[in-house]
Amino acid sequence: MITTAQITALMTEKLEAVREAGITLSEDTAFEDLGVTSLDLANFVFSLEDEFGLELDPGMAADIRTIGDLTKVANDSVADAARYQ
Amino acid sequence: MATSDGPPGATREHPDPREEYRGAPAPAIRHHYDLSNEFYALWLDSELTYSCAMWEPGDSLESAQRRKLDYLVEGARAVGADRVLDVGCGWGSLLRRLTQRHGVGRAVGLTLSAEQAEWVERLELPGCDVRLENWVDHPARERYDAVISIGAIEHFARYGLPAAERIAAYREFFTRCRAWLRPGGRLALQTNVKGNNPRVDRKTAQEMIFISKIVFPDSEIPRTSELLQASERLFDPVSARNDPDHYARTAQDWYERLRANRDAAVGLVGASRTADYERYLGAVAEHFRRRHIGLLRIVFEAV
């Protein structure tokens with residue numbers, strides 16, 4: 001199970017906009033409000049894949065608005081992978 | 001050449017501090033457009049029109065660029081006008097087309113690129129003024145029959161702004177344009193916009209990041225919806241078309257011309273910058289084809 005804290009830690013490491021925003025990140029934080037562009041987010045999803053050994057659908061990045069959305073997508077992927085083992 | 005030097009804020013024309021400018025700062029603009037006029041002349045069309053052409057069968061790059069300029073001039077109802085403003089005038093091809101082909105009395109061009117401004121000055125185009133000036137600083141009391149802006153608004157909201165600030169940035173531009181025009185006056189805009197294919201593979205994502213960090217730092221292209229929202233209660237959209245395949249073809253032409261002139265390019269700007277531009281022009285053609293970016297030509301009417 002991937003936690004929000006793990007994701008926000010990776011975001012702080014990988015996304016300059018997040019470091020510069022300097023606000024407390026929560027499940028409800030919207031990427032747009034952090035100044036994270038759709039391109040930054042797509043690239044971050046790749047980092048997430050590498051970090052946690054996931055394979056995410058590149059198209060679903062478009063539907064991700066908040067950190068909570070991303071956490072759910074990541075965990076859905078973990079669950080799918082476990083189901084098909 | 002008129003300039004608007006000095007610190008942002010108080011000037012003779014603007015005694016009150018202006019709105020904070022949310023666009024790419026002048027150094028970021030110069031980083032790209034001041035590289036070398038001779039370098040751009042190696043691969044752009046003969047009039048250095050650095051924006052998407054409009055292609056019909058049988059067109060050369062030159063005729064397709066003229067077709068694009070005419071489309072926007074006619075859309076803006078600038079034919080035969082007294083005064084037209086060109087925001088982001090580049091190397092002056094629209095200024096020339098307005099005055100020499102379409103009977104415009106006075107065409108005023110704004111750019112943040114010193115190299116471009118110097119180039120246009122040297123052309124000594126009758127009826128044309130070029131100003132090294134941000135549109136934010138252009139006097140509000142000026143009146144124009146039409147405003148045209150081609151490939152500039154991509155720089156009016158810098159990279160990483162939250163959505164609300166991006167819309168505020170565009171809204172400031174529309175507010176200024178509205179003040180420069182009379183009711184019924186038109187604004188013709190051509191701009192890259194975000195495409196609606198979100199399926200970006202890693203290689204494409206890397207290329208897009210390269211372009212946005214190295215080639216066009218500090219800029220982020222608008223969404224069509226952001227432009228429409230930002231223009232509400234100021235302008236009515238009159239017509240709009242999205243032509244990504246036209247830009248794929250334009251970029252492909254540029255890429256091939258640059259490749260053919262690589263030795264001269266390296267002599268002018270070095271191997272590293274030449275390689276950057278080859279990579280960017282080659283990659284971007286594919287981004288348009290895959291609909292990650294669009295090319296919006298949109299005409300607005302001041303209400």
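Keep in mind it's a predicted model, so treat the numbers as computed, not measured. Lettering of chains follows the sequences in order, A, B, ..., and the numbering in each one begins at 1.
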Chemist: When only heavy atoms count and the cut-off is under 4.5 Å, which of residues 220-229 of chain B reach chain A?
Modeler: B/Glu220, B/Arg223
Chemist: Got more than 12 heavy atoms from elsewhere within 6.0 Å of CG, A/Asp76?
Modeler: yes
Chemist: Applying a heavy-atom distance below 4.5 Å, give me the residues of residues 150-168 of chain B that approach chain A, sorted by number.
Modeler: B/Tyr159, B/Gly160, B/Leu161, B/Pro162, B/Ala163
Chemist: Flag yes if more than 12 heavy atoms outside B/Glu256 fall under 6.0 Å of its CD atom; otherwise flag no.
Modeler: yes
Chemist: What pair of heavy atoms forms the shortest contact from A/Asp40 to B/Ile209, and how long is it?
Modeler: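 The answer is OD1-CD1, 4.4 Å.
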Chemist: Just to verify, what does A/Arg83 make a salt bridge (charged side-chain N to carboxylate O under 4.0 Å, His left out) with, not counting sequence neighbours?
Modeler: A/Asp80
Chemist: Taking it one step at a time, do B/Arg202 and A/Glu49 satisfy salt bridge (Lys or Arg N to Asp or Glu O under 4.0 Å)?
Modeler: CA-CA 11 Å; B/Arg202 287 200 186 216; A/Glu49 286 184 327; 2.8 Å; yes
Chemist: Considering only heavy atoms and a distance below 4.5 Å, find which of A/Val36, A/Leu39, A/Asp63 pairs most often with chain B.
Modeler: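 Option with the greatest count: A/Leu39.
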Chemist: Look up atom OG in A/Ser38 and atom NE2 in B/His292, then write down how far apart they are to the nearest 0.5 Å.
Modeler: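 So the gap between those two atoms works out to 11.0 Å.
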Chemist: Could I get the full list of side-chain contact (heavy atoms from CB on, under 4.5 Å) partners for B/Glu278, not counting sequence neighbours?
Modeler: B/Tyr255, B/Leu258, B/Arg259, B/Arg262, B/Thr274
Chemist: Around atom CZ of A/Arg65, are there more than 12 heavy atoms from other residues, nucleotides or ligands closer than 6.0 Å?
Modeler: no
